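Here the structure is laid out as structure tokens; the discussion comes afterwards.
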2 protein chains.
Amino acid sequence: MPATIVEETCSGAEQELTQPAGFLLAQLGRAMTRRYRCALSPIGLKPRETHALLRLRDGGAMSQQALGVALDIDASNLVALLNDLESESLISRRRDPADRRRHVVEVSKRGTKLLSEVEHAAAEVEDDFFDALDDDERVALQGLLSRVARSADVPSPAEMAGEDSAC
Amino acid sequence: MPATIVEETCSGAEQELTQPAGFLLAQLGRAMTRRYRCALSPIGLKPRETHALLRLRDGGAMSQQALGVALDIDASNLVALLNDLESESLISRRRDPADRRRHVVEVSKRGTKLLSEVEHAAAEVEDDFFDALDDDERVALQGLLSRVARSADVPSPAEMAGEDSAC
DNA sequence: TATTGTTATACTCTATAACTATA
DNA sequence: TATAGTTATAGAGTATAACAATA
């Protein structure tokens, strides 16, 4: 029996293959989202909705545009997301009296209460996902990612209109 | 005039808001994928396809299942992806004589040649994305992410069938 | 004229189940 | 019976353009 192929296909164990950090990041991000979705679905929230609630609670009330930039989600897609949250009374939208084009978005009391339940589930997912890292390493990772996020500033598809480069 | 709201909504600059590492990871992964797509589209490759080619070149020929696990992509979705790559002669599929159920996937010569072009573009994207980090920090990030990837072992949606937990 | 939010739409990605051929 | 690959399909996510209200 040709052990060669068996070893190749079944290897799995310890391939020290170094893949580009970008692809690794993209892949882990997807895996993380999948786990969030799994853990949050019984509560009735999607990962993105949860992230929005967290951001609104910790960042305070803000316009939809500001929230969109913060979550790196397109403004048009944010509308539907907020509609869902609003229909369940987890957030509120009100016109900004200073600029009536704007909607000021805010977490409701009900949303805040739900967040405590959600936060526990989410923290559990993260704790499991980052199991290989000790506390110091998790802080280090968090710091590195935060700096990347702040610098990359995530041009967000909308903000790239009118540039000479493609896309 | 209510300066409160103006400051809140327009802040932008330096909010030291610490978001959960998981959501940060998911968000950056999406942003990274978007940039890959932008940079790779003129070449005619999608991020996932590029990742697959890289993995096949660096990991050697393997079965579709093994590739699916490596890329954390569902086996059924992998089929279409490989069909596209094969139709452009970038990879080849051949039956494994030892187990005729399996397809051994391999990068073609043409695929390898294309990869050198692609790698340059991808590296440029990454270099720009991780601009805030110096070389040591990039290595550190890569190491942390690699360890997470290896430990989390990414259960991949398919592998979770038959467990008592939901999802 | 530019910006905020909205709607509609097309496109991609992901998840699920059922089928086949091999084992 | 179980596994590798395939197909089909529904669902979630994403990108794009056009529009109304307001600045």
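Here is how names work: the chains are called A, B, and so on, in the same order as the sequence lines, proteins then strands, and each is numbered from 1. This one's a predicted model, so the numbers in the text were calculated from it and none came from an experiment.
- Closest to the side chain of H103(A), from the set dA4(D), dT6(D), dT6(C), is dT6(C).
- Relative to the side chain of R100(A), the nucleotides dG5(D), dT6(C), dT22(D) differ in distance, and dT22(D) lies closest.
- D84(B) pairs by the side chain to side chain contact (heavy atoms under 4.5 Å, CB included) definition with E49(B), not counting sequence neighbours.
- Note: CZ (R102(B)) to C1' (dA23(C)) measures 11 Å, nearest angstrom.
- Phosphate proximity of dA4(D) to Q65(B): present, with a side-chain N or O under 4.0 Å from OP1 or OP2.
- Every side chain to side chain contact (heavy atoms under 4.5 Å, CB included) that R101(B) has, sequence neighbours left out, goes to D99(B).
- When the P atom of dT22(D) is taken as reference, atom CZ of R94(A) falls 17 Å away, rounded to whole Å.
- Atom P of nucleotide dG5(C) and atom CG of L78(A) are separated by 8 Å, given to the nearest angstrom.
- Going from atom CG of D74(B) over to atom P of dT6(D) covers 13 Å, rounded to whole Å.
- Atom CG of D134(A) sits in a crowded spot, with more than 12 heavy atoms from other residues, nucleotides or ligands closer than 6.0 Å.
- Other residues, nucleotides and ligands contribute over 12 non-hydrogen atoms within 6.0 Å of the CZ atom of R95(B).
- In terms of the side chain to side chain contact (heavy atoms under 4.5 Å, CB included) criterion, residue partners of V79(A) (sequence neighbours excluded) are, by chain and number, Q64(A), N83(A).
- Listed by chain and number, the residues in a side chain to side chain donor-acceptor pair (under 3.5 Å) with E126(B) are Y36(B) (sequence neighbours excluded).
- For the pair D96(A) CG and dG5(C) P, the computed distance is 9 Å after rounding to whole Å.
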Taking N or O atoms only and anything under 3.5 Å, show me the protein contacts with nucleotides 8-13 of chain D, one pair per line.
| from | atom 1 | to | atom 2 | distance (Å) |
| --- | --- | --- | --- | --- |
| dG13(D) | OP1 | R37(A) | NH1 | 3.2 |

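- Note: CZ (R95(A)) to P (dG5(C)) measures 8 Å, nearest angstrom.
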Distance-only donor-acceptor hits, side chain of residues 116-125 of chain B, under 3.5 Å, sequence neighbours excluded:
| from | atom 1 | to | atom 2 | distance (Å) |
| --- | --- | --- | --- | --- |
| S116(B) | OG | K113(B) | O | 2.5 |
| E119(B) | OE1 | R57(B) | NH1 | 3.3 |
| E119(B) | OE2 | R57(B) | NH2 | 2.7 |

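- Using a 4.0 Å heavy-atom distance criterion, R93(A) is classed as a sugar-phosphate-only contact.
- Between R101(A) atom CZ and dT4(C) atom C1' the separation is 6 Å, expressed in whole Å.
- Between dA15(D) and R34(B), a contact under 4.0 Å exists linking OP1 or OP2 to a side-chain N or O.
- Between L40(B) atom CG and dT12(C) atom C1' there is a gap of 15 Å when expressed in whole angstrom units.
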